[in-house]
Amino acid sequence: MEKQQIKQAVEGILFTMGKAVEIDQMARALEVEEEDIISAADELSNEYQSNGRGIRIVRFESSYQMCTSKDIYSYLIRIAKQPKKVALTDVLLETLSIVAYRQPVTKAAIEKIRGVSSDHAVNKLVEYELVEEVGRMDAPGRPMLFGTTEQFLRSFGVKSLSDLPSLSPVQVEEFKEEAEREASLEVDV
Amino acid sequence: MEKQQIKQAVEGILFTMGKAVEIDQMARALEVEEEDIISAADELSNEYQSNGRGIRIVRFESSYQMCTSKDIYSYLIRIAKQPKKVALTDVLLETLSIVAYRQPVTKAAIEKIRGVSSDHAVNKLVEYELVEEVGRMDAPGRPMLFGTTEQFLRSFGVKSLSDLPSLSPVQVEEFKEEAEREASLEVDV
Amino acid sequence: MEEKLKIKLPVFEGPLDLLLHLIDKNKVNIYDIPIALITDQYMAYLDEMKKADLNIMSEFLVMASTLLAVKAKMLLPRKQVSDTEGEEELDPRAELVQQLLEYKMYKCFAEKLRENQNMAEEIFYKEPTIPDAVAAYEVPVHPEELVKDITLEKLNLIFQDVLKRQKNRLDPIRSRFGSIKKEEVSLEEKTRNLLHFAAEHRRFSFRSILESAKTKTEVIVTFLAVLELMKTGQISAKQEETFGEIEIVSRVAA
């Protein structure tokens, strides 16, 4: 299969499906290697970008999705309805950030960090499809582990979890210092 | 508003909406003349066509719609219609074993052995071409008789039904008795 | 002065949130929390809150007791290092500080996420639009694929299993009854009707009441009803000669 054909198929598939489509799924459908899909999709994505198109192709972890360019938001908003915009409360956002940076994480661990019961918040996030169950911890009671969803990546414009600042010991240390500085210097809240 | 911008906006709008969008609706949203929309959409449509893209823009009466190119239907099918992991369920296997060992057999007889209605299971096996109608029973209502197909033999890699592992003599005896008893009852079924 | 009571308390997401607020407000270093002061302020807030919402109190109270415990430890004279050979004594506040820092870090991330969310909102996606031709397509099932790892031996085992289960299920006596049908005519109903008929007609032939019966079952039920009423003494039957007409005499008043 020629590159041009793969590009054509990937473009049509991403348009039709609307949602994010896994790379390996496309590779199987087209009977080509995953690298061929990645190369074709990236090429398409670059063309869209450099030609200033109204649509874009973005990659999330192991999938691609077609979406609109930010440039035309002001026109789009007059025609298309923005799907249910979930206004996240501080509690939800706090909880979400813990899940995002500590995943996979149990409700008990979240609770320990926040100092309050987080059951309701986690359930709400699951309802909003930003967080999902990702397995069970190999510990007494086999507690449920939670992680973020692909919808989370989309909603927060993050391409992959590695796009989030990682929590290496060095960074934690840096943060501590920063916190110290902030605490002593901050004039007003 | 420049032509390039209009094209960009029209492309994004047609993509997001998925369905046909009225020309005047787009003209109002972009605050341009309808002719501007038509000219931009037609230009886009031509570009898609001549570049052999996977998506197309088509015009209906007073609207435009973005759709997939027909060329890629076969790939779309493989993505959109993920072949379900087909496997014979326990119910189907049970029913198949009864048909295999007692053929030719009526649905009523299968039902009697399994104790539950087997209509759906038999129909599914017929659909899978593992079982077929082989005649009618010379009894009131002339019920349909079912047997295994050649495809059944092929699928199990055997040449004939005599390859079916036989039951132990004791089982055969029990089986005969039961069959006789059932035969005498079948009159009022 | 009374109006002061109505002042809305700032909302905190939890005890840690409140603590961070107090630390910020007092402009103190997180590593050097003036625990007595903060504890007093924390308790004062709790006191206010008690009037506002009892439901969320419990978690704040846990923190209050932690604060009091730390405060108590701070007040106690420090143990001299001499008897514990160089082991550095931990600041009673250390664990709390650690928890506060971690919490603060996630609050920081939460803010970043919110900014991200606002930006990501300007991108639109699309619902799937599957062409009719694609939607109508049915994926063919290949029998070979279906059968795959099932062997004839396995099929044999399944069949034996089915037979075994059938044997267990069948009650050898009842299974010989054939089909069980709902009674077309209930004996109770027939008896009632017959009694009613007998009250209106003093004498009538057994044959005449059978003539109206449509099915064999109804004939049998009618006969049973007659026997039933004879047993209870509400009717009597007599027959002049063998195979002769059976006459029924009613003993109930009209």
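Here is the naming used below: chain letters follow the sequence lines, and residue numbers restart at 1 for every chain.
If you measure heavy-atom distances from A/S155 to chain C, the contacts under 4.5 Å come from the backbone alone. Interface remark: A/M66 contributes backbone atoms only to the contact with chain C (heavy atom separation under 4.5 Å). Interface residue A/L88: backbone and side-chain heavy atoms are both found under 4.5 Å from chain C. The contact between A/K70 and chain C is made by backbone and side chain atoms together, counting heavy-atom distances below 4.5 Å. Only the backbone of A/T89 has a heavy atom closer than 4.5 Å to any heavy atom of chain C. Neither the backbone nor the side chain of A/R56 comes within contact range of chain C, judged by heavy atoms closer than 4.5 Å.
Contact annotation: the side chain of A/T16 never approaches that of C/P128 to less than 4.5 Å [non-hydrogen atoms, C-beta and beyond]. In this structure, A/D71 and C/E122 have side chains that are not in contact, with every pair of non-hydrogen atoms separated by 4.5 Å or more. Residues A/V99 and C/Y106 are not in side-chain contact: their nearest non-hydrogen atoms beyond the backbone lie 4.5 Å or more apart. Residues C/I130 and A/M17 form a side-chain contact, since some pair of their non-hydrogen atoms from C-beta on lies under 4.5 Å apart.
The distance from atom OG of A/S97 to atom CG of C/L113, rounded to the nearest 0.5 Å, is 6.0 Å. C/N116 contributes atom CG, which lies 11.0 Å from atom CG of A/L153 (distance to the nearest 0.5 angstrom). From C/M105, atom CE reaches atom CD1 of A/I113 across 7.5 Å, with rounding to the nearest 0.5 Å.
In terms of non-hydrogen atom pairs under 4.5 Å with chain C, the most contact-rich of A/I98, A/I72, A/I55 is A/I98.
Counting non-hydrogen atoms of other residues, nucleotides and ligands closer than 6.0 Å to NZ of C/K71 gives a total above 12. The number of heavy atoms from other shown groups lying within 6.0 Å of CD (C/E127) does not exceed 12. The number of heavy-atom neighbours closer than 6.0 Å to CD of A/E47, taken from other residues, nucleotides and ligands shown, is above 12.
A salt bridge between A/R114 and C/D17 is absent, with no side-chain N of the basic residue lying under 4.0 Å from a carboxylate O of the acidic one. Residues A/R102 and C/E102 are paired through a salt bridge, judged by an N-O separation under 4.0 Å between the basic side chain and the carboxylate.
Side-chain N or O atoms of C/Q99 include one that pairs as donor or acceptor with a backbone N or O of A/K112 at under 3.5 Å. A donor-acceptor pair under 3.5 Å links the side-chain atoms of C/K126 to the main chain of A/F15, judged by distance alone. In this structure a side-chain-to-backbone donor-acceptor pair under 3.5 Å is present from A/T68 to C/F124.
The aromatic rings of A/F60 and C/Y125 are tilted relative to each other, their planes meeting at an angle between 30° and 60°.
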Could you go through the side chain to side chain contact (heavy atoms under 4.5 Å, CB included) check for C/Y103 and A/E94 one step at a time? CA-CA 9 Å; C/Y103 176 70; A/E94 232 176 79; 2.8 Å; yes

